[in-house]
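Residue numbers start from 1 in every chain, and the chains themselves are labelled A, B, ... in the order their sequence lines are given, proteins ahead of strands.
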Number of protein chains: 2
Amino acid sequence: MARAATTSDAFNAIAEPQRRQILVLLRGGERPVTELARDLGMTQPQASKHLRVLREVGLVRVRESGKQRLYDLDARGLRPVHEWVGGFERFWNESFDRLDAYVQELERARQEEPHDDDDR
Amino acid sequence: MARAATTSDAFNAIAEPQRRQILVLLRGGERPVTELARDLGMTQPQASKHLRVLREVGLVRVRESGKQRLYDLDARGLRPVHEWVGGFERFWNESFDRLDAYVQELERARQEEPHDDDDR
DNA sequence: TCATCGTATGCCCATATCGGCATGTGTCAA
DNA sequence: TTGACACATGCCGATATGGGCATACGATGA
């Protein structure tokens, strides 16, 4: 197998920076493709393709308005992501202490034995 | 170009389900590779590779303990993700109203004459 | 009907993924 | 030293990405 499809879920869809930018822009209200493309400095086909992905995972909706297609945000799909990540909320505070412990661990190891530790 | 590297940032790293599971397991404390692999029903090489990615984006740390390598969670890298997604928090509540508006819009458009307006 | 604008798609290419499998590396014990 | 154990890596294959570019498609207006 290869990497999971970008359309498999919100996690994969928002892994792509440009797609994230599109979503941010859409917080300001619905917009036509060309405008999004222009504002984000990408070509129209690119924008269309990204929007397709976002649409397939349900993060945006489309509405036809004459020649244009207005894309609108539907953030509900982001909620699971927020919740999953939120499950780690208390850990990223705690991490400082853990990091301390880790550093001390290294310190100690360095003095106990003339052992090479490589990290980058 | 192809898809961005999984190691390019936390967003890409956590796009992969198995990697998410590893992180969840590590909330329970540091663990050796084989144990993680067993608990998640994956092969050892698979676990090692996923851990490598997580390590490269800084979501886990390693500590040597005899023959074993204890992986430990470092959730700090998840904070940006949480914040980014959090920026949409009020939108996924509002979405229901929007959906309503959207439906009504369709209804109306079906009966009226489509009018060109460029907002923004 | 035809030209034009706004979008969506199709194709090609280079790249990196993830899985499977085999093997290399390092540590501990006898 | 040797062997067993815990991991890391290398290689292969199948797949889909994202960018560039050309083009097809649908709606509008002359």
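Sequence order on DNA chain C of the closest nucleotides to Arg55(A) and Ser65(B) puts Arg55(A) first from the 5' end.
Counting all heavy atoms, side chain and backbone alike, Ala4(B) lies closest to Arg3(A) at O-NH1, 2.7 Å. Residue Tyr71(B) comes nearest to Val60(B) through the heavy atom pair CD2-CG2, 3.9 Å, listed as atom of the first residue, atom of the second, then distance. Residues Leu59(B) and Ala13(B) come closest through the heavy atom pair CD1-CB, 4.4 Å. Across Asp72(B) and Leu26(B), no two heavy atoms sit closer than the pair C-CD1, 4.3 Å.
Note: NE2 (His50(A)) to C1' (dT17(D)) measures 10 Å, nearest angstrom. Atom pair Arg38(A):CZ and dT7(C):P shows a separation of 11 Å (rounding to whole Å applied). Leu70(B) has its CG atom 19 Å from the P atom of dC5(D), to the nearest Å. Across the protein-nucleic acid pair, Arg3(B) atom CZ and dT15(D) atom C1' stand 11 Å apart, rounded to whole Å. Between Lys67(A) atom NZ and dA8(C) atom C1' the separation is 16 Å, expressed in whole Å. Following rounding to the nearest Å, Met42(B) (CE) and dC7(D) (P) show an atom-to-atom distance of 13 Å. Between the P atom of dT17(C) and the CG atom of Asn12(B) lies a distance of 10 Å, rounded to the nearest Å. Whole-Å rounding puts the Tyr71(A) OH to dA8(C) C1' distance at 8 Å.
An OP1 or OP2 oxygen of dT17(D) is reached within less than 4.0 angstrom by a side-chain nitrogen or oxygen of Thr6(A). When the side-chain nitrogen and oxygen atoms of Arg69(B) are compared with OP1 and OP2 of dA8(D), one or more of them lie within a distance under 4.0 Å. Neither OP1 nor OP2 of dA8(C) sits under 4.0 Å from any side-chain N or O of Arg52(A). Note on Arg19(A): a side-chain N or O is less than 4.0 Å away from OP1 or OP2 of dG18(D).
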Pair Leu23(A), Trp84(B) - check side-chain contact (heavy atoms from CB on, under 4.5 Å), show working.
CA-CA 11 Å; Leu23(A) 293 178; Trp84(B) 185 83; 3.9 Å; yes

Val53(A) and Glu16(A): side-chain contact (heavy atoms from CB on, under 4.5 Å), yes or no, with the steps?
CA-CA 10 Å; Val53(A) 173; Glu16(A) 157 65 59; over 6 Å; no

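In the set dC18(C), dA8(D), dT7(C), dA8(D) carries the atom at the smallest distance from any side-chain atom of Ser48(B).
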Which pairs, protein N/O on one side and nucleotides 20-22 of chain D N/O on the other, fall under 3.5 Å?
residue	atom	partner	partner atom	Å
dG20(D)	OP2	Gln46(A)	NE2	2.3
dG20(D)	O6	Lys49(A)	NZ	2.5

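A donor-acceptor pair is defined here as one N or O able to donate and one able to accept, closer than 3.5 Å; such a pair exists between the side chain of Thr43(A) and the backbone of Gln46(A).
Gln18(A) comes within contact range of the sugar-phosphate backbone alone, with a heavy-atom separation under 4.0 Å but no base atom that close.
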